[in-house]
Amino acid sequence: MDLRESARVAADTIAERLASPQDVRTFHHRQGWWPQSLAHGAVGVALLHIERARTDQGPWQRAHDWLACAAAEPAVGGPDSHLYYGAPALAFALQAAADRPGRYARALNTLDQYVTTAIRDRLDSAHARIDRGETPALAEFDAIRGLSGMGALLLHRDVHTDLLREILAYLVRLTEPVKHDGELLPGWWSHLAPSGEASPDYPAGHANNGVAHGIGGPLAVLSLAERHGVTVEGHREAITGILAWLDQWQQDGPAGPWWPYWITREQLRSGVPGHGPSRPSWCYGTAGFARSQQLAALALNDPARQCVAETALLRAMTDPCQLDATVDLSLCHGFAGLAHITQLVAADAITPGLAECLPRLLAPITDTAPGTLADSLIDPPGGGDIGLLEGAAGTALALHSFHTGTPSASGWDTCFLIN
């Protein structure tokens, strides 16, 4: 059985185990039962079945069943909602399922009221915070909980362009340097720890570089919007400003270029980051950094930068030490994410050799018997995760995408700000 066929069988097996919300609900869920969660719940599983249905690999009824499960309770809006939870997550999934004009239009219009209200409230709070000269919480701007994620949702929806421009204008403002305690800091410097909470280990805060929770998310959204022709004043300057920061902290080692996950005040003063490279994941590692910088290079028509980003990914994906640091199969920080990002980067690349990395990246997934693989993801002894970010649905989607060898039909991967 060749690798693409092995990927198909594994994806089919996981999808079969996730066929029915009623059956899956009885399993021990490590994160609990969160139907409106894209990260860990029914919305993420719905995306798997939506993508499979849109590529004629599975029945639409399963997608409908999981969407109904996700929407069984009133949509969560307000400050508790974000791209990965509540009304925005439901809107993301329904847009993915809208394979013809008008499908789910009424539900999407209703959800848009929650989404636009939440975005406007957050923009008002963010601008007021900047006006007061305070530093942001990561959840203000990041890809998971913040305005970068909401921007990705509006790009995915391809509506409310004026509101998207308001998000982009805020992200431009976020990149403007600020002075605190006599020191010049990047505008996204947070007074919190990388956990998003106050911590004595980070008494002066930090600048987060990651795609999931740091400036990599705004860089990706700004770059994707530029490529879609949606721009605001200062747009390119913001992209180049973020890139200049990443250039400042780029490290070059035996395994190629890498970037620190974050910078503390002490590191900012010394100019010396922590040790690395670490796990090359989407959320914080070289895979996420490389894709966001490749997208920026494509937006700016900068082949030299594109080559650096692609080379960084190629070196990381062929470095045994970095791959050994990857210990799970998820999209967020596991082999599924490495394989999917490498496939996307390879499709846009001017650097050869990336596609040849895919068998090595998929081996930890496809070398396991499909039934055993599904059991280990969905219902292991310590509790499983069915969702998109760290769970079975995400791993199955990466396998499905490798099997088809084509761009996502539903746009499921746009919530990772990588496409």
Side-chain angles (χ1 to χ4, degrees), residues 3 7 47 51 143-144 148-149 152 209-214 216-217 219-221 223-224 227 246 255-259 261 277-299 305-319 322-323 325-366 388-390 393-408 411-419:
L3 186 57
L47 273 187
E51 178 68 14
I144 302 293
S148 291
N209 293 334
V211 175
H213 297 297
L219 175 62
V221 172
S223 301
L224 289 164
R227 297 188 74 196
L246 292 174
W258 59 275
W259 293 266
Y261 287 5
S278 302
R279 182 174 60 185
S281 56
W282 163 74
C283 52
Y284 273 111
T286 298
F289 289 129
R291 179 56 171 172
S292 64
Q293 291 186 67
Q294 185 196 41
L295 290 171
L298 291 167
R305 180 173 293 280
Q306 183 179 347
C307 186
V308 170
E310 293 164 1
T311 299
L313 182 64
L314 179 62
R315 297 288 298 276
M317 295 304 98
T318 53
D319 176 27
Q322 291 185 68
L323 295 182
T326 304
V327 296
D328 67 52
L329 308 182
S330 71
L331 282 175
C332 182
H333 41 249
F335 283 103
L338 300 185
H340 190 64
I341 291 172
T342 300
Q343 182 173 333
L344 291 175
V345 172
D348 291 327
I350 55 177
T351 304
L354 284 159
E356 287 72 23
C357 298
L358 291 171
R360 169 67 182 84
L361 300 176
L362 288 165
I365 309 173
T366 57
L388 182 73
L389 195 61
E390 299 178 356
T395 300
L397 276 164
L399 292 166
H400 173 86
S401 293
F402 176 74
H403 164 65
T404 62
T406 58
S408 165
W412 68 266
D413 48 3
T414 59
C415 66
F416 288 90
L417 286 63
I418 54 177
N419 209 17

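Being a predicted model, the structure only gives us computed values, none of them experimental.
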Provide the closest heavy-atom pair for [X] versus [Y] in the form atom of the first, atom of the second, distance.
| X | Y | answer |
| --- | --- | --- |
| L361 | P364 | O-CD, 3.3 Å |
| T414 | A152 | O-CB, 3.9 Å |
| C357 | T342 | CB-CG2, 4.4 Å |
| A255 | Q322 | CB-NE2, 3.7 Å |
| A287 | P280 | CB-O, 3.2 Å |

Pairing residues for T326 by the side-chain hydrogen bond (donor to acceptor under 3.5 Å, both in side chains) criterion, not counting sequence neighbours: none

Pairing residues for T351 by the side-chain hydrogen bond (donor to acceptor under 3.5 Å, both in side chains) criterion, not counting sequence neighbours: E310

Please name all residues satisfying ring-ring contact (aromatic ring centres under 6.0 Å, His included) with [X], sequence neighbours left out, ordered by chain then number.
| X | value |
| --- | --- |
| W412 | H340 |
| F335 | none |
| F402 | none |

Quick one: pull up [atom1] in [X] and [atom2] in [Y] and give me the separation to the nearest 0.5 Å.
| X | Y | atom1 | atom2 | result |
| --- | --- | --- | --- | --- |
| R305 | L246 | CZ | CG | 8.0 Å |
| L329 | L399 | CG | CG | 9.0 Å |
| S330 | L388 | OG | CG | 10.0 Å |
| L354 | L344 | CG | CG | 11.5 Å |
| L362 | H403 | CG | NE2 | 13.0 Å |
| I418 | L224 | CD1 | CG | 9.5 Å |

Tell me if a side-chain donor or acceptor on [X] pairs with a main-chain N or O of [Y] at a distance below 3.5 Å.
| X | Y | answer |
| --- | --- | --- |
| Q294 | V345 | yes |
| S408 | D413 | no |
| E51 | S401 | no |
| R291 | I341 | no |

Quick check: do [X] and [Y] have side-chain heavy atoms less than 4.5 Å from each other?
| X | Y | answer |
| --- | --- | --- |
| V308 | Q293 | no |
| H213 | C283 | no |
| S292 | L417 | no |

Aromatic ring pairing W282/F416, orientation class (parallel under 30°, perpendicular over 60°, tilted between): perpendicular

From CA spacing to verdict: side-chain contact (heavy atoms from CB on, under 4.5 Å), Y261, R279: CA-CA 10 Å; Y261 287 5; R279 182 174 60 185; 3.6 Å; yes

With A290 via side-chain contact (heavy atoms from CB on, under 4.5 Å) - residues at least two apart: L313

From CA spacing to verdict: side-chain contact (heavy atoms from CB on, under 4.5 Å), L298, S223: CA-CA 8 Å; L298 291 167; S223 301; over 6 Å; no

Working for side-chain contact (heavy atoms from CB on, under 4.5 Å), residues Y284 and H333: CA-CA 8 Å; Y284 273 111; H333 41 249; over 6 Å; no

